[in-house]
Amino acid sequence: MVSLIICSRSQTINDALSENIENTVGCAYELIVIDNYENKYSIFEAYNLGIDRSNGEYLCFMHDDIFIHSGGWGNTIQNIFSDDRQIGLIGVAGAKIKTKMPSAWWDCPEEEKVINIIQHFPKKEKENWQFGFKNESTKEVVVIDGVFMAMRKDKNIRFSDEIGGFHNYDLNISLEYIKNGYKLIATNDILIEHFSLGTIDQGWLDSTYKTHNLFKDVLPLSTQKNKSNKKLEVVNAIRFIEKCMEYNKNRQAISIWGTLFSIHPISKYHYRFWKRIIKNKLC
């Protein structure tokens with residue numbers, strides 16, 4: 001059996017999603033809806049509560065604003081897990097590389113992304129993103145997106161009690177599975193339509209900084225062993241520093257700058273950075 005776990009922003013999920021699951025899952029399942037209408041739980045707490053209530057061998061976490069187009073996706077999940085006991089986590093979007101520097105999973109070159117999803121936008125037409133698979137139905141990745149993720153239940157793996165909020169739960173659980181010796185894969189046999197976009201805000205910055213500190217001994221990661229990407233580390237460091245400066249998070253910005261300087265000491269960026277830091281402190 002597959003346990004389906006949804007953290008709902010309403011007291012229950014809408015009928016359309018409930019019917020969509022019933023019509024497409026194709027296997028025995030239980031539906032566990034965590035009522036978070038009053039914002040009582042962080043996403044980490046809600047998902048751990050779902051784990052505690054689950055009876056299935058496999059756990060599937062999904063957003064409450066999706067539509068699943070693929071029939072028999074529950075069987076697909078079970079077959080992938082059964083075929084390779086080393087696989088611990090399955091998603092529909094992810095990346096084959098993750099920097100040590102704080103960043104979103106998609107902050108990497110296009111050729112490192114593996115995605116199969118229909119994505120909606122507020123002010124433009126939806127897009128069908130499908131790339132990275134070539135002729136394969138699955139591809140190994142090192143981090144997956146949280147819109148839809150299936151996990152092999154392991155009593156030693158839970159969502160972090162230290163991060164909080166509603167960001168980076170997917171990065172957190174990806175790194176937990178890798179730390180415990182599992183592989184992660186993305187599949188194009190399950191097509192999800194997603195009706196909203198994530199937000200990069202102050203909460204995301206705090207969560208990202210904390211998550212990368214907690215897993216600094218696990219990162220960086222790549223599906224190509226011993227592959228390093230200094231250029232991407234520099235790009236992601238500067239991107240995160242600039243976002244921190246935008247929200248006046250000077251302490252976090254200085255911390256990441258220190259790591260950036262250690263790997264890339266010769267750069268005009270350092271002078272510009274400290275000029276802005278000093279100006280901010282004087283204002």
Does any N or O in the side chain of N23 come within less than 3.5 Å of the main-chain N or O of E19, such that one atom is a donor and the other an acceptor?
yes

Please assess K249 against D206 for the test salt bridge (charged side-chain N to carboxylate O under 4.0 Å, His left out), listing each intermediate value before the final yes or no.
CA-CA 9 Å; K249 292 185 170 293; D206 292 338; 2.8 Å; yes

Exceeds 12 heavy-atom contacts within 6.0 angstrom, atom CD of E162:
no

Under a 4.0 Å N-O cut-off, is there an ion pair linking R158 with E45?
no

Minimum heavy-atom distance V2-C60, with the two atoms named
CG1-CB, 4.1 Å

Answer yes if the side chains of T223 and E140 hold a donor-acceptor pair under 3.5 Å, and no otherwise.
no

Side chain H212, main chain T208, donor-acceptor under 3.5 Å:
yes

Where I256 and P102 come nearest, the two heavy atoms and their spacing:
CD1-CG, 3.6 Å

Applying side chain to side chain donor-acceptor pair (under 3.5 Å) to E176 and Y182, what does each step give before you reach the verdict?
CA-CA 9 Å; E176 284 288 354; Y182 288 102; over 6 Å; no

Atom pair CD/CD of E246 and Q202 - distance to nearest 0.5 Å:
10.5 Å

If you count every heavy atom of other residues, nucleotides or ligands that lies below 6.0 Å from L197 atom CG, does the total exceed 12?
yes

For the student: nearest non-hydrogen atoms of W204 and T199, plus distance
CB-O, 4.0 Å

Counting only N and O atoms by type, is there a donor-acceptor contact under 3.5 Å from the side chain of S174 to the main-chain atoms of D170?
yes

In terms of hydrophobic clusters joined by side-chain contacts under 4.5 Å, are W105 and V235 together?
no

Could you go through Y177 and D154, starting from their C-alpha distance and side-chain angles, then the distance that decides it, and tell me whether this counts as side chain to side chain donor-acceptor pair (under 3.5 Å)?
CA-CA 9 Å; Y177 271 89; D154 185 317; over 6 Å; no

Walk me through whether V92 and V147 qualify under side chain to side chain contact (heavy atoms under 4.5 Å, CB included).
CA-CA 8 Å; V92 296; V147 63; 4.1 Å; yes

Test your reading of the model: is there a side-chain donor-acceptor pair from N75 to the backbone of G26, 3.5 Å cut-off?
yes

Donor-acceptor contact present, side-chain D64 to main-chain R9, <3.5 Å:
yes

Find the distance between CD1 (I163) and OG (S207) and round it off to the nearest 0.5 Å.
5.5 Å

Between N14 and L17, is there a donor-acceptor pair closer than 3.5 Å when you use the side chain of the first and the backbone of the second?
yes

Within the structure provided, determine whether L205 and F240 are in side-chain contact (heavy-atom separation under 4.5 Å).
yes

Hey, what do you get for CD1 (I43) to CG (N168), rounding to the nearest 0.5 Å?
12.0 Å

Check the pair I66, H63 against side chain to side chain contact (heavy atoms under 4.5 Å, CB included), reporting the backbone distance first and the verdict last.
CA-CA 6 Å; I66 66 170; H63 287 193; 3.9 Å; yes

Audit row: V142, L184, side chain to side chain contact (heavy atoms under 4.5 Å, CB included) steps and yes/no
CA-CA 6 Å; V142 295; L184 280 57; 5.7 Å; no

Rounded distance [0.5 Å steps], CG in N116 versus CG in L191:
5.0 Å

To the nearest 0.5 Å, what is the distance between OG1 (T187) and CD1 (I80)?
4.0 Å

Over all atoms of both residues, closest heavy-atom pair of I185 and I144
O-CG2, 4.3 Å

Under 6.0 Å between the ring centres of H69 and F67?
yes

Less than 6.0 Å separating the ring centroids of H120 and H194?
no

Any donor and acceptor pair, going by atom type alone, linking the side chain of K96 with main-chain N or O of E111 inside 3.5 Å?
yes

Pair K98 + D107: basic N to acidic O under 4.0 Å
no

Non-hydrogen atoms of G165 and S42 that approach each other most closely:
O-CB, 3.4 Å

Using modelled atom types only, decide if a donor and an acceptor are shared between the side chain of S82 and the backbone of Q78 within a distance under 3.5 Å.
yes

Starting from I13, can I reach F195 by hopping between I/L/V/M/F/W/Y residues whose side chains sit under 4.5 Å apart?
no

S137 and N188: side chain to side chain donor-acceptor pair (under 3.5 Å), yes or no, with the steps?
CA-CA 5 Å; S137 61; N188 68 353; 4.9 Å; no

When hydrophobic residues are tied together by side-chain contacts of less than 4.5 Å, even through go-betweens, does W274 share a cluster with I238?
yes

When you measure from the centre of the six-membered ring of F121, is the NZ or CZ of K124 closer than 6.0 Å and no more than 45° off the axis?
yes

Short side-chain to backbone donor-acceptor contact, R53 and I32, under 3.5 Å
no

Are H270 and F261 close enough that their ring centers fall under 6.0 Å?
yes

Under a plain distance cut-off of 3.5 Å, with no hydrogens placed, do Y269 and E242 share a side-chain donor-acceptor pair?
yes

Does E233 come within less than 4.0 Å of K230, counting only side-chain N to carboxylate O?
no

Check: F133 and T138 side chains under 4.5 Å, non-hydrogen atoms:
no

Working note: W73 + T24, criterion side chain to side chain donor-acceptor pair (under 3.5 Å); need CA distance, chi angles, decisive distance, verdict.
CA-CA 7 Å; W73 55 269; T24 59; 2.7 Å; yes

Under 3.5 Å donor-acceptor, R152 side chain and I87 backbone:
yes

In chain order, what residues pass the ring pair (Phe, Tyr, Trp, His ring centres under 6.0 Å) check against F61, with sequence neighbours excluded?
Y47, F159

With the threshold set at 4.0 Å, does a side-chain nitrogen-carboxylate oxygen contact exist between K126 and E193?
yes

Linking I/L/V/M/F/W/Y whenever their side-chain heavy atoms sit closer than 4.5 Å, directly or via other members, would W129 and F148 fall into one cluster?
yes

Pairwise side-chain contact, I51 with L59, heavy-atom cut-off 4.5 Å (strictly under):
yes

Any Lys/Arg nitrogen of K113 or D145 sitting under 4.0 Å from an Asp/Glu carboxylate oxygen of the other?
no

Verify the cluster assignment for V114 and I192: are they in a single hydrophobic cluster under the rule of side-chain heavy atoms below 4.5 Å apart?
yes

Less than 3.5 Å apart, any donor N or O on the side chain of T76 or D189 sitting next to an acceptor on the other?
no

Using every non-hydrogen atom in the two residues, find where V141 and G94 come nearest and quote the distance to one decimal.
CG1-C, 4.1 Å

Which of parallel (below 30°), tilted (30 to 60°) and perpendicular (above 60°) describes W257 and F273?
parallel

Distance (rounded to the nearest 0.5 Å) between L260 CG and S262 OG:
7.5 Å

Do S255 and Y209 have side-chain N/O donor and acceptor atoms under 3.5 Å apart?
yes

Determine, step by step, whether I254 and I277 satisfy the side chain to side chain contact (heavy atoms under 4.5 Å, CB included) criterion, reporting the C-alpha distance in whole Å, the side-chain angles of both residues, the deciding distance to 0.1 Å, and the verdict.
CA-CA 9 Å; I254 291 170; I277 287 289; 4.1 Å; yes

